[in-house]
Amino acid sequence: MQRIRLRYTKRGRLRFTSHRDFQRAFERALRRAEVPMAYSAGFTPHPKVSYANAAPTGTGSEAEYLEIALTEARDPERLRLLLDESLPAGLDIVDAVEARTSGLADRLTASVWELRLAGVEPTEAERAVAAFNAAPAVEVQRRTKNGVRTFDARSAVAHLESVTTHGSQADRPTDQPCAILRLVVRHVTPAVRPDDVLSGLRAVADLAPPVPAAVTRLAQGLFDEETGAVTDPLAPDREAKAPEPQPAAASAAAKASA
(Lines give C-alpha, C1' and ligand atoms only; values in the text may rest on other atoms or scores of the structure.)
Protein backbone atom coordinates (compact mmCIF):
# COMPACT_ATOMS: atom_id res chain seq x y z
CA MET A 1 0.00 0.00 0.00
CA GLN A 2 1.35 3.41 -0.99
CA ARG A 3 0.61 6.57 0.99
CA ILE A 4 0.65 10.01 -0.67
CA ARG A 5 0.60 13.31 1.21
CA LEU A 6 -0.93 16.34 -0.49
CA ARG A 7 -0.97 20.08 0.14
CA TYR A 8 -3.98 21.96 -1.16
CA THR A 9 -5.37 25.50 -1.09
CA LYS A 10 -8.65 27.31 -0.52
CA ARG A 11 -8.59 30.51 -2.57
CA GLY A 12 -10.99 33.26 -3.56
CA ARG A 13 -14.67 32.44 -3.07
CA LEU A 14 -13.79 28.81 -2.30
CA ARG A 15 -12.62 29.91 1.16
CA PHE A 16 -16.31 29.77 2.11
CA THR A 17 -16.46 26.02 1.51
CA SER A 18 -16.80 23.99 4.68
CA HIS A 19 -14.52 21.07 5.44
CA ARG A 20 -17.37 18.68 4.64
CA ASP A 21 -17.90 20.42 1.27
CA PHE A 22 -14.23 19.91 0.48
CA GLN A 23 -14.40 16.25 1.48
CA ARG A 24 -17.24 15.66 -0.97
CA ALA A 25 -15.47 17.55 -3.77
CA PHE A 26 -12.22 15.68 -3.13
CA GLU A 27 -13.86 12.24 -3.16
CA ARG A 28 -15.51 13.13 -6.49
CA ALA A 29 -12.09 14.17 -7.80
CA LEU A 30 -10.64 10.82 -6.72
CA ARG A 31 -13.29 9.02 -8.76
CA ARG A 32 -12.85 11.27 -11.81
CA ALA A 33 -9.07 10.80 -11.74
CA GLU A 34 -9.53 7.02 -11.32
CA VAL A 35 -7.19 6.91 -8.36
CA PRO A 36 -6.73 3.33 -7.07
CA MET A 37 -7.86 4.13 -3.56
CA ALA A 38 -7.63 1.80 -0.59
CA TYR A 39 -10.95 1.48 1.26
CA SER A 40 -11.85 0.85 4.86
CA ALA A 41 -13.44 -2.44 5.92
CA GLY A 42 -16.98 -2.89 7.22
CA PHE A 43 -20.52 -2.44 5.93
CA THR A 44 -19.91 1.08 4.56
CA PRO A 45 -16.39 1.19 3.09
CA HIS A 46 -15.00 4.65 2.42
CA PRO A 47 -11.75 5.88 0.85
CA LYS A 48 -8.80 5.99 3.22
CA VAL A 49 -8.24 9.74 3.41
CA SER A 50 -6.78 11.41 6.51
CA TYR A 51 -7.31 15.16 6.89
CA ALA A 52 -5.10 17.23 9.19
CA ASN A 53 -6.10 20.43 10.98
CA ALA A 54 -8.46 21.98 8.42
CA ALA A 55 -8.87 25.77 8.36
CA PRO A 56 -12.18 27.24 9.58
CA THR A 57 -14.92 27.95 7.06
CA GLY A 58 -14.56 31.45 5.62
CA THR A 59 -10.76 31.59 5.79
CA GLY A 60 -8.46 31.21 2.82
CA SER A 61 -5.48 28.90 2.98
CA GLU A 62 -2.29 28.12 1.10
CA ALA A 63 -1.40 25.19 3.35
CA GLU A 64 -3.98 22.48 3.97
CA TYR A 65 -2.81 18.86 4.23
CA LEU A 66 -4.21 15.39 3.76
CA GLU A 67 -2.97 11.84 3.19
CA ILE A 68 -4.42 9.14 0.94
CA ALA A 69 -3.73 5.40 0.77
CA LEU A 70 -3.48 3.65 -2.61
CA THR A 71 -3.66 -0.01 -3.56
CA GLU A 72 -1.27 0.57 -6.50
CA ALA A 73 1.81 2.76 -6.66
CA ARG A 74 1.49 6.06 -8.54
CA ASP A 75 3.91 8.87 -9.33
CA PRO A 76 3.07 11.65 -6.81
CA GLU A 77 3.45 14.51 -9.29
CA ARG A 78 1.33 12.82 -11.94
CA LEU A 79 -1.31 12.09 -9.32
CA ARG A 80 -1.23 15.71 -8.19
CA LEU A 81 -1.88 16.97 -11.71
CA LEU A 82 -4.80 14.57 -12.24
CA LEU A 83 -6.46 15.55 -8.96
CA ASP A 84 -5.87 19.26 -9.52
CA GLU A 85 -7.57 19.05 -12.93
CA SER A 86 -10.55 17.32 -11.30
CA LEU A 87 -11.14 19.99 -8.64
CA PRO A 88 -12.69 23.44 -9.11
CA ALA A 89 -10.36 26.43 -9.44
CA GLY A 90 -9.56 27.68 -5.94
CA LEU A 91 -9.30 24.19 -4.49
CA ASP A 92 -5.85 23.52 -5.90
CA ILE A 93 -3.50 20.60 -5.23
CA VAL A 94 -0.11 22.29 -5.12
CA ASP A 95 2.25 19.66 -3.70
CA ALA A 96 2.47 15.87 -3.41
CA VAL A 97 5.04 13.55 -1.88
CA GLU A 98 5.18 9.86 -1.06
CA ALA A 99 4.85 9.34 2.69
CA ARG A 100 8.14 7.88 3.90
CA THR A 101 7.91 8.99 7.52
CA SER A 102 5.25 8.82 10.20
CA GLY A 103 3.48 11.52 12.16
CA LEU A 104 2.36 14.18 9.67
CA ALA A 105 -0.23 15.51 12.13
CA ASP A 106 2.45 15.73 14.83
CA ARG A 107 4.44 18.10 12.59
CA LEU A 108 1.56 20.58 12.36
CA THR A 109 2.25 22.51 15.55
CA ALA A 110 1.78 26.12 14.36
CA SER A 111 0.24 28.22 11.59
CA VAL A 112 1.22 31.47 9.90
CA TRP A 113 -1.83 33.67 9.30
CA GLU A 114 -2.37 36.90 7.42
CA LEU A 115 -5.24 39.22 8.36
CA ARG A 116 -6.29 41.98 5.98
CA LEU A 117 -8.20 44.66 7.89
CA ALA A 118 -9.97 46.84 5.32
CA GLY A 119 -10.84 50.30 6.60
CA VAL A 120 -8.16 50.25 9.34
CA GLU A 121 -5.22 52.65 9.21
CA PRO A 122 -1.83 50.89 9.53
CA THR A 123 -0.82 53.20 12.38
CA GLU A 124 -3.93 52.19 14.32
CA ALA A 125 -3.11 48.52 13.75
CA GLU A 126 0.50 49.04 14.90
CA ARG A 127 -0.73 50.61 18.14
CA ALA A 128 -3.07 47.66 18.77
CA VAL A 129 -0.35 45.12 17.99
CA ALA A 130 2.03 46.79 20.44
CA ALA A 131 -0.62 46.68 23.18
CA PHE A 132 -1.37 43.01 22.48
CA ASN A 133 2.31 42.01 22.49
CA ALA A 134 2.93 43.90 25.74
CA ALA A 135 0.07 42.22 27.58
CA PRO A 136 0.99 39.21 29.76
CA ALA A 137 -2.43 37.67 29.01
CA VAL A 138 -5.42 38.61 26.86
CA GLU A 139 -8.67 36.96 27.87
CA VAL A 140 -11.31 36.51 25.18
CA GLN A 141 -14.64 34.74 25.03
CA ARG A 142 -15.99 32.32 22.45
CA ARG A 143 -19.46 30.86 22.27
CA THR A 144 -19.40 27.04 22.06
CA LYS A 145 -22.08 24.36 22.10
CA ASN A 146 -21.51 24.13 25.87
CA GLY A 147 -21.89 27.86 26.42
CA VAL A 148 -19.50 30.81 26.55
CA ARG A 149 -15.87 29.90 27.18
CA THR A 150 -13.18 32.30 28.41
CA PHE A 151 -9.51 31.64 27.62
CA ASP A 152 -6.17 33.38 27.08
CA ALA A 153 -5.49 34.25 23.43
CA ARG A 154 -2.05 35.76 24.10
CA SER A 155 -0.11 32.68 25.18
CA ALA A 156 -0.62 30.85 21.87
CA VAL A 157 0.63 33.76 19.73
CA ALA A 158 4.34 33.32 19.08
CA HIS A 159 4.60 36.37 16.81
CA LEU A 160 2.33 39.24 15.78
CA GLU A 161 3.26 42.22 13.63
CA SER A 162 1.77 44.81 11.31
CA VAL A 163 3.30 44.54 7.82
CA THR A 164 3.35 46.95 4.89
CA THR A 165 3.96 44.52 2.04
CA HIS A 166 1.69 44.80 -0.99
CA GLY A 167 2.49 41.34 -2.33
CA SER A 168 -0.12 39.73 -0.12
CA GLN A 169 -2.06 36.57 -0.98
CA ALA A 170 -5.13 37.74 0.92
CA ASP A 171 -8.43 37.57 -0.88
CA ARG A 172 -9.92 41.03 -0.63
CA PRO A 173 -8.03 43.92 -2.26
CA THR A 174 -9.48 47.39 -1.62
CA ASP A 175 -8.76 51.08 -2.28
CA GLN A 176 -9.64 51.99 1.33
CA PRO A 177 -7.06 52.23 4.11
CA CYS A 178 -6.01 48.69 4.91
CA ALA A 179 -3.82 47.22 7.64
CA ILE A 180 -2.20 43.83 7.20
CA LEU A 181 -1.28 41.71 10.20
CA ARG A 182 0.97 38.66 10.16
CA LEU A 183 0.87 36.24 13.08
CA VAL A 184 2.24 32.87 14.08
CA VAL A 185 -0.11 30.88 16.31
CA ARG A 186 0.82 27.68 18.09
CA HIS A 187 -1.71 24.84 17.89
CA VAL A 188 -2.77 24.48 21.51
CA THR A 189 -5.84 23.37 23.45
CA PRO A 190 -8.19 25.17 23.41
CA ALA A 191 -7.34 26.18 19.84
CA VAL A 192 -6.69 29.89 19.31
CA ARG A 193 -8.04 31.07 15.96
CA PRO A 194 -7.40 34.32 14.08
CA ASP A 195 -10.81 35.67 15.11
CA ASP A 196 -9.81 35.10 18.75
CA VAL A 197 -6.73 37.27 18.17
CA LEU A 198 -8.97 39.94 16.63
CA SER A 199 -11.15 39.76 19.74
CA GLY A 200 -8.01 40.21 21.81
CA LEU A 201 -6.98 43.28 19.81
CA ARG A 202 -10.43 44.72 20.42
CA ALA A 203 -10.12 44.01 24.14
CA VAL A 204 -6.68 45.58 24.66
CA ALA A 205 -6.78 48.43 22.12
CA ASP A 206 -10.39 48.84 20.99
CA LEU A 207 -9.43 47.84 17.44
CA ALA A 208 -12.69 47.14 15.58
CA PRO A 209 -12.45 46.80 11.77
CA PRO A 210 -15.57 48.17 10.01
CA VAL A 211 -15.84 45.04 7.84
CA PRO A 212 -14.93 41.40 8.57
CA ALA A 213 -11.24 40.64 8.19
CA ALA A 214 -10.02 38.64 5.21
CA VAL A 215 -8.01 35.80 6.77
CA THR A 216 -5.53 33.57 4.93
CA ARG A 217 -3.39 30.76 6.30
CA LEU A 218 -0.02 31.13 4.60
CA ALA A 219 1.72 28.10 6.12
CA GLN A 220 1.49 25.47 8.81
CA GLY A 221 4.07 23.05 10.08
CA LEU A 222 6.53 22.38 12.87
CA PHE A 223 7.31 25.46 14.97
CA ASP A 224 11.02 26.07 15.58
CA GLU A 225 11.29 27.64 19.04
CA GLU A 226 14.83 28.96 18.37
CA THR A 227 14.18 30.73 15.07
CA GLY A 228 10.43 31.29 15.29
CA ALA A 229 10.01 29.75 11.83
CA VAL A 230 7.26 27.38 10.75
CA THR A 231 8.89 24.62 8.69
CA ASP A 232 7.52 22.62 5.74
CA PRO A 233 5.87 19.46 7.16
CA LEU A 234 6.48 17.53 3.92
CA ALA A 235 10.25 18.15 3.95
CA PRO A 236 11.07 15.00 6.00
CA ASP A 237 9.30 12.86 3.37
CA ARG A 238 11.27 14.49 0.54
CA GLU A 239 14.53 14.03 2.40
CA ALA A 240 13.91 10.41 3.41
CA LYS A 241 15.46 7.91 1.06
CA ALA A 242 13.19 5.56 -0.84
CA PRO A 243 13.75 1.90 0.05
CA GLU A 244 16.10 0.31 -2.45
CA PRO A 245 14.44 -2.45 -4.52
CA GLN A 246 15.75 -5.93 -3.79
CA PRO A 247 17.21 -7.95 -6.68
CA ALA A 248 14.87 -10.68 -7.85
CA ALA A 249 17.20 -13.46 -6.69
CA ALA A 250 17.57 -11.98 -3.24
CA SER A 251 13.85 -11.49 -2.94
CA ALA A 252 13.18 -15.11 -3.93
CA ALA A 253 15.79 -16.34 -1.44
CA ALA A 254 14.23 -14.26 1.33
CA LYS A 255 10.79 -15.72 0.60
CA ALA A 256 12.20 -19.28 0.52
CA SER A 257 13.95 -18.87 3.87
CA ALA A 258 10.73 -17.51 5.39
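Keep in mind that this is a model prediction, so the values were computed, not measured.
- The hydrophobic clustering, which links ILVMFWY residues whose side-chain heavy atoms are closer than 4.5 Å, places V204 and V192 together.
- Linking ILVMFWY residues whenever their side-chain heavy atoms come closer than 4.5 Å, directly or via other members, places L70 and Y51 in the same cluster.
- Between the side chain of D92 and the main chain of G90, a donor-acceptor pair closer than 3.5 Å is present.
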| request: Show the numbers, then the answer: is there a side-chain contact (heavy atoms from CB on, under 4.5 Å) between L183 and E161? | output: CA-CA 6 Å; L183 62 150; E161 64 175 341; over 6 Å; no
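- For the pair F132 and L207, the minimum side-chain heavy-atom distance is 4.5 Å or more.
- Side-chain atoms of T71 come within 3.5 Å of backbone N or O of P36 as a donor-acceptor pair.
- A heavy-atom distance below 4.5 Å is found between the side chains of S111 and H187.
- Counting heavy atoms from C-beta on, the side chains of L117 and L198 come closer than 4.5 Å.
- A salt bridge does not link R7 with D232: every distance from a Lys NZ or Arg NE/NH1/NH2 to an Asp or Glu carboxylate oxygen is 4.0 Å or more.
- L160 has its side chain out of reach of R182: every pair of non-hydrogen atoms, C-beta onward, lies at least 4.5 Å apart.
- Rounding to the nearest 0.5 angstrom, the gap separating the CG atom in D195 from the CZ atom in R142 is 6.5 Å.
- Hydrophobic clustering, with ILVMFWY side chains joined whenever heavy atoms are under 4.5 angstrom apart, groups L91 together with V49.
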| What's the verdict on ring pair (Phe, Tyr, Trp, His ring centres under 6.0 Å) for Y8 and F26, showing C-alpha distance, side-chain angles and the deciding distance? | CA-CA 11 Å; Y8 67 94; F26 185 68; 7.3 Å; no
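- Checked by atom type and distance alone, the side chain of S61 pairs as donor or acceptor with a backbone atom of A63 at under 3.5 Å.
- Pairing each heavy atom of L222 with each of D106, the nearest pair is CD1-O, 4.3 Å.
- Counting non-hydrogen atoms of neighbouring residues, nucleotides and ligands closer than 6.0 angstrom, the CZ atom of R78 reaches no more than 12 such neighbours.
- Linking Ile, Leu, Val, Met, Phe, Trp and Tyr residues whenever their side-chain heavy atoms come within less than 4.5 Å leaves V97 and L30 in two separate clusters.
- Closest approach of W113 to P56, counting heavy atoms only: CH2-CD, 4.1 Å.
- T144 places a side-chain N or O within 3.5 Å of a backbone atom of N146 that can act as its donor or acceptor partner.
- At distances below 3.5 Å, not a single donor-acceptor pair connects side-chain atoms of R202 with backbone N or O atoms of A208.
- Considering all non-hydrogen atoms of both residues, L201 and A128 come closest at CD2-O, 3.5 Å.
- Here the closest heavy-atom approach between residue L14 and residue A89 is recorded as CD2-O, 3.5 Å.
- Proximity of a side-chain donor or acceptor of R107 to a complementary backbone N or O of S102 within less than 3.5 Å is detected.
- Considering all non-hydrogen atoms of both residues, E64 and N53 come closest at OE1-O, 4.0 Å.
- Under the side chain to side chain contact (heavy atoms under 4.5 Å, CB included) rule, L181 has a single partner from V129, V163, V215, which is V129.
- Judged purely by atom type and a 3.5 angstrom limit, D237 uses its side chain to pair as donor or acceptor with the backbone of T101.
- I4 is not connected to L104 by any chain of hydrophobic side-chain contacts under 4.5 Å among Ile, Leu, Val, Met, Phe, Trp and Tyr, and they are in different clusters.
- A distance of 9.0 Å separates CD in E85 from CZ in R80, rounded to the nearest 0.5 Å.
- Look at K10 and D21 and you find no salt bridge, because none of the NZ, NE, NH1 or NH2 atoms lies under 4.0 Å from a carboxylate O.
- Looking at heavy atoms from C-beta onward, V35 lies out of side-chain contact with L82 at the 4.5 angstrom threshold.
- A distance-only check finds a donor-acceptor pair linking the side chain of Q2 to the backbone of R74 [under 3.5 Å].
- The shortest side-chain heavy-atom distance between P76 and D95 does not fall under the 4.5 Å cut-off.
- The distance from atom CD of E98 to atom CZ of R5, rounded to the nearest 0.5 Å, is 10.5 Å.
- Here the straight-line distance linking atom OG of S199 with atom CD of Q141 works out to 9.5 Å at 0.5 Å rounding.
- The side-chain contact (heavy atoms from CB on, under 4.5 Å) search around A158 returns V184, R186, F223, not counting sequence neighbours.
- Looking at R217, Q220, R11 one by one, the single match for side-chain hydrogen bond (donor to acceptor under 3.5 Å, both in side chains) with E62 turns out to be R11.
- Here the CZ-NE2 distance, from R24 to H19, works out to 11.0 Å after rounding to the nearest 0.5 Å.
- D224 places no side-chain N or O within 3.5 Å of a backbone atom of A229 that could act as its donor or acceptor partner.
- Residue E34 qualifies as open at atom CD: its count of foreign heavy atoms under 6.0 Å is 12 or below.
- Across every non-hydrogen atom of S162 and P122, the tightest pair is OG-O, 4.1 Å.
- To the nearest 0.5 Å, atoms CG (L6) and CG (D84) are separated by 10.5 Å.
- When atom types are taken as modelled, the side chain of D196 and the backbone of R193 share a donor-acceptor pair closer than 3.5 angstrom.
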